[in-house]
Each structure stands twice: as structure tokens, then as C-alpha cells.
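The structure appears right after this line, and notes come after that.
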Amino acid sequence: MTDNAQKAEELRQEFRSWLASNYTTDVKEAIGEIGSAAGFEAHREWNATLVDAGWGAISWPAEFGGREATLEEQLAYNEELSRVGARGPINQIGVSNIAPAIMAVGTEEQKNRFIHPMHRGDEIWSQGMSEPEVGSDLASLQCRAVLDGDHLVINGQKTWNSNGTRADWCQLYVRTGTEGSKYEGITCLLLDMRTPGIEARPIVTMTGDEGFSELFFTDVRVPVESVLGEIDKGWSVAVNTLSNERSGVAIMYLTVERTFADLLEAASAPGPDGCRPIDSQTTRQRLMSIYADVRNLEFLAKRSIAVAISGRPPGPEGSVIKLAWSETSQRMAEAAVDVLGMGSLEGRWGREFISSRSYTIAGGTSEVNRNILGERVLGLPREPKVAV
């Protein structure tokens, strides 16, 4: 066993022991299902407990409250969270994406002001990238900010903002210049969501969840000290932010494995008629097919982690894993309803079934990911451009 592997195993055992003492049944039940206000606040308290004990963002530098954990240690940590079904950071976007960007290009004042309360969950963060007319094409954003003395005045709209109605702060990307290429003239702001002129409207999904919002900005004035990085140089901040986001794609398999384990348990329980779904040969074949997909996703993810540990540059693994994760999750949600029957549509599995339709759209559609793999990895001809 290598030194890094030994250290990862030591961290695993230490964290496992800590979870056994602190992630109690009461805590798990209080957090409950995603979406409720009470569950959100319980999750916030659990997040603070993790951080106060030194089990928050373990990959972060020690000066910001992390453990400077290696990739092996991060994997062990996430596997232990998944093993007991515990939630990670309440500020997932903040911890994974925004905070590392502040560490990289923020001023000392910004680092001191924002990172600790973001880490602990004392302040909730959202991210303002997507817009109604341009989707996730950040370089084509139209939300404008005009310099007026020592302030920037913002007008425009953002959409699909996670925690938009709950957020205290937002990492907002705006258009401040029109010269040069579309990648120039973008500015990143750290925006106080209580600033006058901001309206957050919840987007209600098919499941009834209000986790996303639309944001509207009307003559919103923010001080130039809110700029993260430099004015008109926000594209480099966005690249930093998104590179941190994509580095976490390898642990997607853990949530899928946990969901499959829950499905297997549900299929092994007697139904209203006393029969167990898993006793059916057809059901077992269906579940074995899903199991093979889940294991395939795990192997893809661990191969990606091995590449990162070896120091080699990232390849196409991210697109492959995203594609496998989204389509495996959809097939599992469909199988759950088929295996457990119509009654399952009333609870968790019904919500999984409905929400799974978004998996092949959010974070890069399956069509886009297939194009990336076909054109950039396999060297297939690019799709023809349709003349307008």
C-alpha cells in the first residue's frame, strides 16, 4: 500500500468513527427529503457541525479550514458520506466552484469576508450564469453592468439559479464591454442579494420543487469592490470556476450506487400482496442490467481519478462519465417504477422518475456530450452547419 493510500485509509477510519457518533438517526430524519424549509435548515446545521469538526471542505488549503486532502483521501471521504447516506455541503456550488475562484483571484478582503461563512453555511450562495436567450453559453450573455463612478449599475435577467430565493449572495456574470470577441468584456461580481432592485422568482419544477429561480435586475447598484478579478476579465474567472465544477464529476457514481442499493432493498421487501418484486426472474434480469450500468460508471469514474492521481492531463473522461451517469440514472428511475409498481409513483421513486428527465439536459445534454466525444475524441466529421 502506498503512503497516499495508507493516509486515505486512516482518514476513512477516522471519519467513519466520527460519523458513527455524530450522524445520528435524529439528524438524518431532521434533514429528511430535499426541498422542505425545515429540512434545509437541518441540513445547514449538519453542514456547520461538519465544518466545526474539521470535516467540511477537506480538499481546501488549511488556511481556509480544509485538510489539503489528496484525491485518494477525498474519495474515501465521499465514499463514507455516501455509505451512511449523509449530505455534503449545503453550499455545494459555493464550496466546489465559487470559493476556489475567490481563493485564486480574490482580494484578501474578499477571502476574509466570504470564504468562512460560505464554508460553514452561515451564508447561502447561488450562481448567475445562464440566461433565457442564450442558455448556458456564458460567452453570449446579455445581462449588462455599466460603470457609474465607483459603482456598477446592473440591468438584465438570469435563470436556473440554484437556491436563488434562499441565497444571501450570488456570483454573477455580467457584460461590461462590447469591444473585441465575445469572451472579452465579461465581469464577475460578488453580489449581495439584498441589494435594492433584485427580484428572485422561484421556478416550480414538475416535482413541485422550488430549488431554482429566475433573477431580475433593475438598476441594481453595486460597488466596484464587488468585482472578482478584474473588470472585463471575467472569462478567466469563469474558466477557473467551471474547471473546479468539472473536477467533481468523478464521484457522481456514489449517488447512483446509493440509489441502486435503496432500490434493491425496496425490491426485496414484500408488497401489499405479500410477494417480493425481486422473486420475479424478469425483475432480477432488469435489476442486473442496471447493476452492470452502475458498476460500469464506477469503473469509468475510478479510471478518471487514477488519471488525475498520476498527474496526466484530463481527457474525455468528464463527458463519458456525465453521459453514463445521466442515462444510467434515467434507466434506474424507469426501472424502479416498473419493478415496484404504480404505488411507487406516490413517493420517493415517483419524484426520482420525474426529476430524472432533466439529467440528460442539465450540465450538458447527452447530444452535446456525444458530439464532443465523436468529434474531439474519435475524430469523426463535425456536424454540418445549417445556413440561416
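Just the heavy atoms: all of them, side chains too, but no hydrogens, waters or symmetry mates, feed the values below.
- Counting only N and O atoms by type, the side chains of S366 and E327 include a donor and acceptor under 3.5 Å apart.
- Considering only residues two or more places apart in sequence or on other chains, W60 meets the ring-ring contact (aromatic ring centres under 6.0 Å, His included) condition with H119.
- Legend: side-chain hydrogen bond (donor to acceptor under 3.5 Å, both in side chains) pairs involving residues 256-270, not counting sequence neighbours, sorted by first then second residue: D262-R348.
- Evaluation of the salt bridge (charged side-chain N to carboxylate O under 4.0 Å, His left out) rule for E41 yields R44 as partners, not counting sequence neighbours.
- To the nearest 0.5 angstrom, M332 atom CE is 10.5 Å from L287 atom CG.
- For Y359, the ring-ring contact (aromatic ring centres under 6.0 Å, His included) partners two or more places apart in sequence, or in a different chain, are W325.
- Looking at residues two or more places apart in sequence or on another chain, you find a side chain to side chain contact (heavy atoms under 4.5 Å, CB included) between H116 and R120.
- Under the side chain to side chain contact (heavy atoms under 4.5 Å, CB included) criterion, A167 pairs with S126, M193, not counting sequence neighbours.
- Closest approach of D219 to V153, counting heavy atoms only: CA-CG1, 3.8 Å.
- Between R16 and E80 a salt bridge is recorded (basic side-chain N to carboxylate O distance below 4.0 Å).
- By the ring-ring contact (aromatic ring centres under 6.0 Å, His included) test, F114 pairs with W125, W169, sequence neighbours left out.
- Partners of D232 under the salt bridge (charged side-chain N to carboxylate O under 4.0 Å, His left out) rule, at least two apart in sequence or in another chain, do not exist in this structure.
- Applying the side chain to side chain contact (heavy atoms under 4.5 Å, CB included) rule to W55 yields the partners L11, E14, F15, W18, L50, A53, I58, R67, Y77; only residues at least two apart in sequence or on another chain are considered.
- Between atom OG1 of residue T70 and atom CG of residue L75 there is a gap of 9.5 Å, rounded to the nearest 0.5 Å.
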So V227 and L152, side chain to side chain contact (heavy atoms under 4.5 Å, CB included) or not? Walk me through it. CA-CA 9 Å; V227 174; L152 288 160; 3.8 Å; yes

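- For Y183, the ring-ring contact (aromatic ring centres under 6.0 Å, His included) partners two or more places apart in sequence, or in a different chain, are W235.
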List the atom pairs, with distances to 0.1 Å, where a side-chain N or O of residues 291-301 and a protein N or O form a donor-acceptor pair under 3.5 Å, not counting sequence neighbours.
from, atom 1, to, atom 2, distance (Å)
D293, OD2, R331, NE, 3.1
D293, OD2, R331, NH2, 3.2
R295, NH1, E298, OE1, 2.9
E298, OE2, K302, NZ, 2.9

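- To the nearest 0.5 Å, atoms CD1 (I154) and CD1 (I198) are separated by 7.0 Å.
- Defined by atom type and a distance below 3.5 Å, a donor-acceptor pair is present between the side-chain atoms of Q92 and S96.
- A salt bridge does not link K7 with E10: none of the charged nitrogens is closer than 4.0 Å to a carboxylate oxygen.
- Applying the salt bridge (charged side-chain N to carboxylate O under 4.0 Å, His left out) rule to E367 yields no partners; only residues at least two apart in sequence or on another chain are considered.
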